[in-house]
Amino acid sequence: MLHGLKSETARVGDALVCSFAGDMILDSEATAAQALTAALDQHPDLLAVDLAGVELFTSTGLNLLLTARRRARDEGVALVLIAPSGMTLRVLEITETRPLFPVYDTPEGALRALRHHPPRTPPVEALGPDASE
């Protein structure tokens, strides 16, 4: 079992792939948060979060993914998960957050799917003329 968490970000076509290996736990929160923030700062069309190497996935990992998803949605970036383990999928299922994350086997597969079914642009909240009153 790996101790800690390692991250690597690489461009694959029009996507940024942020890969993690190790444990997504409280002690590794800063590493994962920094990697996801840096990837989103580049405003990719697609952020593919590769979880194939994640051995332990806790509520810390879930909260990191939810935070990244919210920011990605707000900025019009498609965010998908790549090859999460059965344990990671189980956490998503138990917490009823699984439907929030499209899952693909590879970044290339995610790119192909998104070319055929692009994500909808997030709604823009329009403030009416009386909003400041």
So, for Leu66 and Thr97, which heavy atoms are closest and what is the spacing to 0.1 Å? CD2-CG2, 4.3 Å
Would a hydrophobic clustering, with Ile, Leu, Val, Met, Phe, Trp and Tyr connected at side-chain separations under 4.5 Å, put Val17 with Leu65? no
Looking at Asp41, I'd like to know if its CG atom is crowded, meaning that more than 12 non-hydrogen atoms belonging to other residues, nucleotides or ligands lie closer than 6.0 Å. yes
Find the distance between CG (Leu5) and OG1 (Thr60) and round it off to the nearest 0.5 Å. 11.0 Å
Ignoring hydrogens and angles, tell me if any N or O in the side chain of Thr37 forms a donor-acceptor pair with the backbone of Gln34 under 3.5 Å. no
Keeping to residues at least two apart or across chains, list the salt bridge (Lys or Arg N to Asp or Glu O under 4.0 Å) pairs with something in residues 81-102. Arg90-Glu93
Please determine whether residues Leu51 and Leu100 belong to a single hydrophobic cluster, defined as Ile, Leu, Val, Met, Phe, Trp and Tyr linked transitively by side-chain heavy-atom distances below 4.5 Å. yes
Under the criterion side-chain contact (heavy atoms from CB on, under 4.5 Å), I'd like the reasoning laid out for Val80 against Val49: C-alpha separation, chi angles, the key distance, then a yes or no. CA-CA 6 Å; Val80 302; Val49 182; over 6 Å; no
Tell me whether Met24 is reachable from Leu26 by hopping between hydrophobic residues (I, L, V, M, F, W, Y) whose side-chain heavy atoms are closer than 4.5 Å. no
Looking only at heavy atoms, which two atoms of Ala72 and Leu40 are closest? And how far apart? CB-CD2, 3.9 Å
Return the CG to CG distance between Leu46 and Leu111, rounded to the nearest 0.5 Å. 5.0 Å
So how far is it from Ile94 CD1 to Leu89 CG, rounded to the nearest 0.5 Å? 11.0 Å
Working to the nearest 0.5 angstrom, can you tell me the gap between Leu81 CG and Thr88 OG1? 9.0 Å
In terms of side-chain geometry, is the basic nitrogen of Arg112 or Glu108 positioned less than 4.0 Å from the acidic oxygen of its partner? no
Would you tabulate the side-chain donor-acceptor contacts of residues 8-16 under 3.5 Å, counting partners in other chains and residues two or more places apart, or write 'none'?
none

Using every non-hydrogen atom in the two residues, find where Met87 and Phe57 come nearest and quote the distance to one decimal. SD-N, 4.1 Å
Return the minimal non-hydrogen interatomic distance between Phe20 and Ala32, and the atom names on each side. CE2-CA, 3.6 Å
Look up atom CG in Leu47 and atom CD in Glu75, then write down how far apart they are to the nearest 0.5 Å. 10.5 Å
Minimal heavy-atom distance between Ala110 and Ile82, with the atoms involved, is CB-CD1, 4.4 Å
Under 3.5 Å, is there a donor-acceptor pair between the side chain of Ser28 and the main chain of Asp23? yes
